[in-house]
Every structure is written in structure tokens, then in C-alpha cells.
K.L.:
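I am attaching a structure below and will ask some questions about it afterwards.
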Amino acid sequence: MEHPKRLLALIGPPGVYLTLFFLLPLGIMAVFSFRAGTIGEARNVFTLEHYRQFIANTAYHRLLWRSSLIAFGIASISTLLAYPLAYFLAFQAGERKLTLMTLIIIPTWTSYLLRVFAWKLILGTNGLLNTFLLSLGIIDRASPILLYSRNAVMVTLVYVWVPFVALPIFAALERIDRSLLEAAADLGCKPWQSFLRVTLPLSAPGIIAGFFFCLIPTLGEYVTPLLVGGGQGAMYGNLIQDQFVRALNWSMGSVMSLAMLLAVIVLLALFSRMGSFSKLLEL
Amino acid sequence: MSEPAVELRDVTKVFASTRGDVTEEVYAVQDMNLEIAQGEFFTLLGPSGCGKTTTLRLIAGFERPTRGEIFIQGRPMSKVPPNLRPVNTVFQNYALFPHLNVARNVGFGLEVRRVSRSERERRVHEALEMVQLAEMSNRKPSQLSGGQQQRVALARALVNQPAVLLLDEPLGALDLKLRKAMQIELKQLQAQVGITFIYVTHDQEEALTMSDRIAVMNKGRVLQVGDPVTLYERPASHFVADFIGESNFFRGVVEAVSGQVVELRVGGARVQATASDSPPSPGQEALFAIRPEKMRLAVSEEDLGLHGTIQEVIYIGTDTRYIVSVEAQPPVAVRVQNGCGIAPQEYRRGEAVQLFWLPEDAHLLAD
Amino acid sequence: MEKSRFPSFGLLYYWLIVIILFLPIFLLILFSFNDSTRLVFPLRGFTLQWYRQLSENSELIRAVRTSILLALGSSFLATVLGTMGALVVVRYEFPGRNIFVAVAALPLVIPYIILGVSLLIMLHSLGVRLSAWTAGLAHVVISLPYAMLVVIARLVGFPQNLEEAAMDLGATYWGALRRVTIPIIFPALTAAFLICFTISFDEFAIASFLVGTQPTLPVYLYSQLRFPTRLPLVVSMAAILMTASMAIVLISEWLRRVGQTPQPKKK
């Protein structure tokens, strides 16, 4: 270390801030998960009761499992849809590629809440989709089932995530040395062969980053299910939210949050094995 | 006797280099001792990675020596940060501030040191006059040519009247013609301002053109310090003889010694060379070097020296280069100047010739 | 080569995605001019009455003001802290560097609900009264990595010897940062600030736990979604927000590009 004082002065403020308002709350939440109750005397009693309940209640496990499947599905579909988009931008869009990329990114910077809300206007009984299908004569009666379902949650979240997943894939494709593809062609690869043997493997870090970048936050999603999911589309995040907002059982909520944090850490560990955190940062 | 401008005493700089899990120590500079006199144009010369730029950065204060001490005008520098050292640097790519115009770039050091506005303006103007850029003072660096940027960098450093000016390959980015012109200009400027210059370059011709003294460096060590004539005419080691100019190297066995002149057997021939230090004793193997232009070719019945065959004739205008193959030796280069009364290509390929030289032009080397 | 084979397919797919991405935004803008309290097709007629009502809604205006102040404060802090973090990451090599990077980047992926509830628990334990500012504490945490990434991207191409040149000319390290580094990377800092601003201004998932009785705009809008008669109002507000944030993104994108290092001339 050449200049320890400078380093300390620079790392100090962000380090202290993140410790106080990011790491410390997580630690306090861990302590809270052992408390018998949220208020009064029960606060000072420490117990494993909530953990026992959490382990015993199969309804929680089912919801956690179902949420994981939904999140996995959303991440997979988003990646599948984002790849051709990123591929087009990286290889075929020519000089305008950055402008075209910006066009994709712009909507993601507008209000998340309101964009999700807008999907109600599309999926609702008298929404755009029903109106459109009716006018084409594909259905003869407006269908109310599009909204408030697991599918509605998936459609909406895929909509939200495709641009974010496309970003790291685009970055990975951009890094591929174009002469490698020429070399592959020169060595006798047909276009689809050089795609499978060169482009796809080399863009794998981007695919992995995009997939996990979507999967992990989606696991804890609760706003979208609240707006378009209805009872059937509820996810694990809604369960946590309920503990804090309605049931006011914060200790139980803490246990649930810690379980999710554990899942997140496992996924991150998996991710850093497959790709790496630093690659994600190169975006 | 006046104090040296800069003195390095047993300076060593070690970098930790991490590759994967292995951390190893790299000696960028090792046990370096140098004294640079006031007003001297001193050059650190060596191939890339030899530690010359690290040495300069140690003097500027961007790096701290691992061991040893650096003195500037007699003051130890180990606890002095770069901004308080009486030195200024002309950086390799000039490092002009892109957001400031030429005048504010040049005035930066004065501004930081809170020199009054009027004095600052006067000195900036003087400095820009000196490098003939007074009319460019409102331009941004990006609007200048490479040569002009180089002059701004020079003015920006000199305006602070440092005790020592450090120059890190300042002409490296210029094309050949401009570089030649700037070499002369820099040398004249140095004589005019009388400031000590420490100049880093890998270009031996540049070093010979400009320097009062040169330190030849390789692998973190100083191999030889001397004025250009000494370094060229009496290189002390294989590396110096090879790095500065061109040399033919011969290996032979010492037969006899008389004073500094040593007689050696090379293959079947008996030749002479000169030792600079204590000569080796008979029976020892020794290495010596001769410059191509110090060798002569002849076709003669007499036994003049080494026998060889012309292998290649290369005509390059001012000279003709002959590559001569000699038994049990690497090919030997001989350079014959095309001058009055000399045929441009006296010898033909395949012709048998003899090679000879004056004993004082063949230097026995330490390694 | 590949380029000539399916350009039409790629382009078609691209525009299809773009249309879908902009469709909800377009719908909100469309309905904001629709002369009906119900957000259904077919459209009724053109009106500006929702926009007129917006300006008369004092609760909404208060929420907008809260959100703006909150976003200004949290993005300023996030930009400052993120810039420091970026300097650390780009310029220094030290044991624990990877841990710092991981901790600073973690809020990019961690579900916001975890951040929200854990901070809620801590603030509650400390007896801190919830307000927009407590939500701001979390907003700094989530926008800091974005600010850091933007500044890192800028610093990576930044010639370090400019700082050395400044110190060589007599400036201290902090003087060199202030006089040289900060002015040169200023466009990137502005872009980082705008990005953080947008994140904070739109953020709902965390704020809904932490704002207490001082709703930010997204929290206020969410509370209004329950009342069908208020929907047109929400929609017209949404239309304004969407347009404004798209404008901000365009500006910050432009700044980010303007701010790229002009390569030093070689010859």
C-alpha cells in the first residue's frame, strides 16, 4: 500500500455508510429473528420458536418453492428473449447500435410502479389485449383471466427484465473479437456452427450475469404480484410484507427474510462460481 | 566543491507483483548510487523495463524507495511528498490538463503555490515566449500539434524554476524529423536556463546527442556512467557495447600481456586488444568488442589478422556494410565509409579477405 | 457473412421489443387525455381536465415535493460516496478490496424488500421516527453502486499521470483531485447524479416500508390506486413522470458520452 492515509480517507465514508445502513440492519434483523415478540416484554425474550414455525409450516415452503420456480421461469424467459435482441444490437445494428441500445434502456428508467400498473390496462377485462383479440375475432368474449394470475406476474416481470438482461449479454458480445468469427469461417464453419462454437460460448459470461441479475431480485419481488397477481399470483415477498404490514409479526418476518437472504447468498455463490462478480461490474 | 543537485545513495525499489496466487518481488531498481552535478544534462539510458522511469519517479516522489535515500540539493527526500520537492517533470505523454487552456496549464504550478496574479501572468508569458507559443495561450491542449503540446509541457515545468527538471521520454511521441530538431532545441534551452536536467530515454542516439553524462541501465542496475565519448569509445561491458551503437564481439584466449595491450588467440589468428582496467593473465579466456567502423578489410599476401570470406555486401549510401564470416566466430560486420577515392563496393561476395584493427579500438570487456 | 443473412429478422424483432417496451408508457399517456374515469377501451374523447385537477391536488403536490427533495439529497450523497468508492476501486490495490467491491455492489442484486424491512427493524429499535428521510437512507444504499459504476467507467480511461502532473506542480493529492480529476470527470458525476435521482424518485418497494406518514410520490400514487375515481389522476401524473424521466435519461446518456476521455494525441 503506497498511501494508506489517502486510501483510508477515501474508503472511510462509503465504508462507514454501507456498514451502518446496509450491513448493520441485516445483523440487527438476525438478532430480531430470535425475539419472542415485536413489542413489550416479549421483545426481551429470545426463542427459536419462529424458526420452528417456519420449518414446520409447509405452506411457507410451498410458496417459497413456487416463488423460486416463478423467478427461475422469469429469468429463463427473459434471457431467451434478450439474447436475440443483444445479438442483433451487437452484430447487426452497425453504427447506430448505441443509439438503439439507449432506446431499449430508456423505458426502464421510468417509474417501475407505473409501468407495472400500466399492464393492468393491457391485461384487464376491457384492456388492450382483450379489445385487440375481440376485434380480430380470435375470441368472442372478453376474457377476465388474463389479469390477476401467475401468468400476469410472469408476463409483467419478463417485460420489466428483458432490457436489463440484454445489457450484460450485449456487453459480452461486444467484447468478442470479430476476427475470431472470420477465423471460424476460414476454418470451415457454417454461420450456425461458428455461432454455436464461438459466439455462444464466448458470450456465456454475459448470459450468466444477465440470468442471475434477474433471478435474484425477482425472488424477493412483492410489488408486481400485489398489482397484477391477485391471490393466485402471490409470491414469497408478499408473505414477508404481510408479516411486517398486517400481521405485525416482525420476528417471523425476520426469519423469512433471512431465509431469503440465505437463498440469495447461495445463488450469488453459484454465480461467482459460474461467472464472477467482477465481470458483472464491467458493465 | 559544490553539492550535487541530486544524489542517490544505495537506492532500491521493490515492487510486489501478484500473478494469480503467487506474489513475487520484482527489483525495479537495485542498489543504485548516482551523483548528478548542478547544471548537468544527465541521461538515464536503457531498454524498456530497465528501471529508468522508476528512477525518475523515485526522484519526483511518485514512488518511495524500498531502501536507500535520495538527496536533492543535499536535503534527504524520504519524507517529502512530490508537491513539496524542488523538481518538476515533463511527462511521457505530456499529461496536459485537457480542461484548462495553455496559459492555465502553464500557470498551474504558480496558481497552486499562490503566486500573485500579475506575477503569474508575467511568468507564464515569459515561459510561453521561451518556447515560442505566446500566441497559443488561449488554446486547449487538444487543439495543439504534438510538438506544440510538448513545448507546453516543457514551459509548464520550467515556469516554476525547479532545481531539477525530470524528462520522461519527452520526445518519444514525435516523428523523427521533429524529434531531431527538438533535441537540439532542448539542449540549447538547458544551457540557457542552467537548470539540471535528468532525461530518460531508450534511444541511444538521442542520449549521445544531448547529454553531458549518461548512465546506462539494465535490469534495475547502473552498468556504466560516463560522457558520450567514453561510453562509445570505451564501453566497459558487453551490454553497454551492444546497446550503444553496434559492436562485433570476439572471444579468445590471452597469450601475452604488455602494459594495457593484450595479445589473444582467436581461432588460428593472433590479435591485439586493450584492457581498460587490470588486464587478464595469460591462459584466461577473454571477450572483446570492436565497432564495425573501426575495422579494416584487405586482400593481402601478408598475415594481417583474422581471415574471412565476404558473405554479404550491403550498400546504404553513405557507407557500405560487409558481413564477413570468420571461422568459429559469429559473422562480423564491417563498415566502410564511401568517401573520396574509395570504391563504393570494393569487395565482392565470396571474396577471401583479412580483418584488422588498431589495438586501442578493441576493448576487453568485463563480462 | 452473417450480417447479410437475417438483417430483416433481427430488425423486426428489435422493433417488436421496442414497441412492447414503450406500449405501457404510451397507453398511460393516451389514457391521461381520455375523457372518462374508467381506464378501458374504447376511448371516449379528448380532455385536459385530469391535468387541471392534478395542479389542484395539494396532497399530490406535497408528495412530489417530498420526492424531489429526497431524491436530491440521497443522490447527492450517493454520488459523493460512490465517487470515493470508485477512486478506491480504480486507484488502489489492498487486501480487502474485493470485499469492499462485493459489499458496495450487493445492493444491485439483493431483493429490495430485505433492505427495506431490515432498515425498518433497526430504525424502530433505535426509536427513530420514520419519515421520507429514513427512506432516503436506504435510497443512498441502492443508488451508490450505480454511481460507483458510472464513475468507475469514466476513471478507467482516465490517465492517472494527470494527477501526478498536478502534484508534481505543487498540488497536494486532494488539490489534484479538486483541480484536475473532478473537473474532468464532472460530466460523469452529473450523469451519476441523474441516474441516482431517477432511482430514488421512482423507488417504491423500500419507501413503502420506511416513509412513515410522509409519502413519497410513488407511495402516494400506490395508495391512490385503490380508489377507482382517482385513477385518471394517477395516470396523468404517470404520463408527466414518464416523459420527464425519459428526458432525464436522455440528458444523462448524453453527458456520459460527452464525458469520455479525449484520447491524448499521439502524433
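As the structure is a computational prediction, the values presented were derived from the model and not from experiment.
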K.L.:
Give a yes or no on whether Y13(C) atom OH has more than 12 heavy-atom contacts from other residues, nucleotides or ligands under 6.0 Å away.
P.N.:
yes
K.L.:
Could you pull out all donor-acceptor pairs under 3.5 Å where a side-chain atom in residues 69-82 of chain B meets a protein atom, sequence neighbours excluded?
P.N.:
| unit_1 | atom_1 | unit_2 | atom_2 | d |
| --- | --- | --- | --- | --- |
| E69(B) | OE1 | S78(B) | N | 3.2 |
| E69(B) | OE2 | S78(B) | OG | 3.2 |

K.L.:
How close do H99(B) and I184(C) get, heavy atom to heavy atom, and via which atoms?
P.N.:
ND1-CG1, 3.3 Å
K.L.:
With a cut-off of 6.0 Å (strictly less than), are more than 12 heavy atoms of other residues, nucleotides or ligands near CG of L176(B)?
P.N.:
yes
K.L.:
So L162(C) and F91(B), side-chain contact (heavy atoms from CB on, under 4.5 Å) or not? Walk me through it.
P.N.:
CA-CA 9 Å; L162(C) 288 184; F91(B) 288 83; over 6 Å; no
K.L.:
Is any side-chain heavy atom of P159(C) closer than 4.5 Å to a side-chain heavy atom of N93(B)?
P.N.:
no
K.L.:
Quick one: do the N83(B) and T172(C) side chains pair a donor with an acceptor below 3.5 Å?
P.N.:
no
K.L.:
What part of R156(B) lies closer than 4.5 angstrom to a heavy atom of chain C: side chain, backbone, both or neither?
P.N.:
both
K.L.:
Which heavy atom of A95(B) sits nearest a heavy atom of N161(C), and at what distance?
P.N.:
CB-OD1, 3.5 Å
K.L.:
Hey, can you pull the donor-acceptor pairs under 3.5 Å for the side chains in residues 45-55 of chain B, sequence neighbours left out?
P.N.:
| unit_1 | atom_1 | unit_2 | atom_2 | d |
| --- | --- | --- | --- | --- |
| K52(B) | NZ | G46(B) | O | 3.1 |
| K52(B) | NZ | P47(B) | O | 3.4 |
| T53(B) | OG1 | D168(B) | OD1 | 3.4 |
| T55(B) | OG1 | G51(B) | O | 2.7 |

K.L.:
Checking A176(C) against chain B: side chain, backbone, both or neither under 4.5 Å from a heavy atom?
P.N.:
neither
K.L.:
So does R179(B) have more than 12 non-hydrogen atoms from other groups sitting under 6.0 Å from CZ?
P.N.:
yes
K.L.:
Spell out the residues in residues 116-137 of chain B that have some non-hydrogen atom less than 4.5 Å away from a non-hydrogen atom of chain C, in order of number; otherwise answer 'none'.
P.N.:
none
K.L.:
Please determine whether side-chain contact (heavy atoms from CB on, under 4.5 Å) holds for the pair V112(B) and L169(C), giving the CA-CA distance in whole Å, both sets of side-chain angles, and the decisive distance to 0.1 Å.
P.N.:
CA-CA 8 Å; V112(B) 169; L169(C) 293 167; 5.8 Å; no
K.L.:
With only heavy atoms counted, which part of L166(B) is less than 4.5 Å from chain C, the side chain, the backbone, both or neither?
P.N.:
neither
K.L.:
What side chain to side chain donor-acceptor pair (under 3.5 Å) pairs are there with at least one residue in residues 177-205 of chain C, not counting sequence neighbours?
P.N.:
E111(B)-R179(C), S74(C)-S200(C), H139(C)-S200(C), H139(C)-E203(C), E163(C)-T181(C)
K.L.:
Please classify the contact of N88(B) with chain C as side chain, backbone, both or neither, using a heavy-atom distance under 4.5 Å.
P.N.:
both
